[in-house]
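See below for the structure under consideration.
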Amino acid sequence: VISWTTMVRAYSDHGQIDEAIQLFQHMPERNVVSWNAMILTFAQHGCLKEALQLFETMPARDVASWNIILAAYAEQGHLKAARLLFSLMPQRDVISWTSMITAYCKEGCLEVALELFQDMPNKDVIVWTTMIVGYALWGCLQEALYFFQQMPQRDLTSWNAVITAYAQHGHGRAALKMFRQMQLEGISPDEISFCSMLSACSHDGLKNEGCHFFTLMSSNHSLTPSLEHYSCLIDLLGRGGQVDDAEALLNNIPFDPD
RNA sequence: CAUUGGUCGACGCC
């Protein structure tokens with residue numbers, strides 16, 4: 001049953017929803033995980049009705065089943081329905097709370113998100129990061145930073161979230177500071193961190209720093225610059241008047257540029 | 001190591 005369920009997800013991940021359905025219908029036995037996988041498949045392809053129908057007809061539901069259907073409604077902007085599911089579910093775990101909070105954040109209902117956050121038991125690093133991102137999304141950098149400072153521990157994703165928040169709002173210098181601080185606290189940047197740093201430099205016209213980061217990522221962190229990194233740097237160089245260098249870099253991309 | 005929650009670019013157009 002595990003293999004069959006894996007196959008259902010594999011087809012789903014490759015956009016082969018019909019094959020996923022066929023497989024699900026023909027698998028010799030199903031357990032709650034298989035049902036959940038199928039519900040998720042429908043949800044990810046925008047088939048909310050089918051997802052809900054499966055959810056209602058499945059023989060037994062666990063908290064993951066509820067979470068999947070809740071997130072499906074939440075992500076499509078059906079906040080009321082999501083909230084109803086949230087209140088109806090027999091028990092809620094951190095995932096249920098976080099999905100609900102994420103939904104309110106994305107819709108700009110920060111007060112409601114905050115209320116839920118305050119009521120939430122057992123807050124983990126993920127929901128703290130969700131709050132950072134949610135507030136930053138609506139330009140509330142101050143509050144976002146407050147969550148960042150208050151959270152009991154920070155991981156790479158939380159650091160990336162604040163760095164990105166600064167980068168996206170044109171605070172290149174602040175992003176740079178965070179980037180350094182992150183490493184002082186023993187966390188190594190990944191491709192996403194560098195992406196944000198390059199974009200921060202790009203927005204602030206920090207040409208030298210941008211080149212520096214681009215070099216640094218392969219030389220000191222064994223990371224391979226992707227198309228995104230190249231695009232940022234090319235843009236930065238081009239806008240900085242170094243059109244020839246930008247073009248040279250473009251011609252040096254070791255894979256097919258878009 | 002079967003299913004559910006948090007972070008990522010640029011440009012152009014509207």
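From a predicted model like this one, the values you see are computed outputs, not experimental measurements.
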May I have the distance from [X] (atom [atom1]) to [N] (atom [atom2]), rounded to whole angstrom?
X: Phe24(A); N: U3(B); atom1: CZ; atom2: C1'; value: 11 Å
X: His203(A); N: G9(B); atom1: NE2; atom2: P; value: 9 Å
X: Ile253(A); N: C11(B); atom1: CD1; atom2: C1'; value: 13 Å
X: Leu23(A); N: U3(B); atom1: CG; atom2: C1'; value: 15 Å
X: Met38(A); N: U4(B); atom1: CE; atom2: P; value: 14 Å
X: Arg92(A); N: G5(B); atom1: CZ; atom2: P; value: 19 Å
X: Asp93(A); N: U4(B); atom1: CG; atom2: P; value: 13 Å
X: Met217(A); N: C8(B); atom1: CE; atom2: C1'; value: 11 Å

For a quick check of understanding: with a heavy-atom distance under 4.0 Å over all strands, which category does [X] fall into, base, sugar-phosphate or nothing?
X: Asp62(A); answer: nothing
X: Thr157(A); answer: base
X: Ser158(A); answer: base
X: Val125(A); answer: base

Closest to the [X] side chain: [options]?
X: Thr130(A); options: G9(B), G6(B), G5(B); result: G6(B)
X: Cys195(A); options: A2(B), C8(B), A10(B); result: C8(B)
X: Ile192(A); options: A2(B), G5(B), U7(B); result: U7(B)
X: Thr102(A); options: G6(B), U7(B), A2(B); result: G6(B)
X: Asp155(A); options: G6(B), U4(B), A2(B); result: G6(B)
X: Ile68(A); options: U3(B), G9(B), G6(B); result: U3(B)
X: Asp235(A); options: G5(B), C11(B), U3(B); result: C11(B)
X: Ile2(A); options: G6(B), U4(B), A2(B); result: A2(B)
X: Val94(A); options: G5(B), G6(B), C8(B); result: G5(B)
X: Val33(A); options: G9(B), A2(B), G6(B); result: A2(B)

Checklist entry - Which whole number of Å gives the distance between the C1' atom of C8(B) and that of U4(B)? => result 23 Å
Between C1(B) and G5(B) - P atom distance, rounded Å: 15 Å
**Report entry** Polar contact flag, side-chain donor to acceptor under 3.5 angstrom, Asn160(A)-Asp190(A)
**Finding:** yes
**Request:** Examine the side chains of Asn67(A) and Asn36(A) and answer whether a donor and an acceptor come within less than 3.5 Å of each other.
**Result:** no
Give a yes or no on whether Tyr146(A) and Tyr135(A) share a hydrophobic cluster (residues Ile, Leu, Val, Met, Phe, Trp, Tyr; joining criterion: side-chain heavy atoms under 4.5 Å apart).
-> no
Those stems involving RNA chain B that have three or more consecutive Watson-Crick or G-U pairs, both distances under 3.5 Å, are none
Closest heavy-atom pair, Ser96(A) versus Val63(A), reported as atoms and distance to 0.1 Å, is OG-CG2, 4.3 Å
(Q) Is it the case that atom OH in Tyr230(A) sees more than 12 heavy atoms from other parts of the structure closer than 6.0 Å? (A) yes
Strictly below 4.0 Å: does [X] bring a side-chain N or O up to OP1 or OP2 of [N]?
X: Gln168(A); N: U7(B); value: no
X: His229(A); N: C8(B); value: no
X: Ser199(A); N: A10(B); value: yes
X: Arg239(A); N: C11(B); value: yes

Q.
If you define the side chain from C-beta out and look only at heavy atoms, does anything of Trp128(A) sit under 4.5 Å from Phe117(A)?
A. yes
Q) Is a donor-acceptor pair below 3.5 Å formed from side chain Asn36(A) to base A2(B), judging by atom type as modelled? A) no
Handout entry: Under-3.5 Å donor-acceptor pair between Thr98(A) side chain and G6(B) base
Key = no
**Message:** Would you say the ring centers of Phe24(A) and Trp35(A) fall short of 6.0 Å from each other?
**Reply:** yes
Problem - Aromatic ring proximity, centroids under 6.0 angstrom, Phe194(A) and His221(A) - result: yes
Side-chain ion pair, Glu185(A) and Arg180(A), N-O less than 4.0 Å:
no
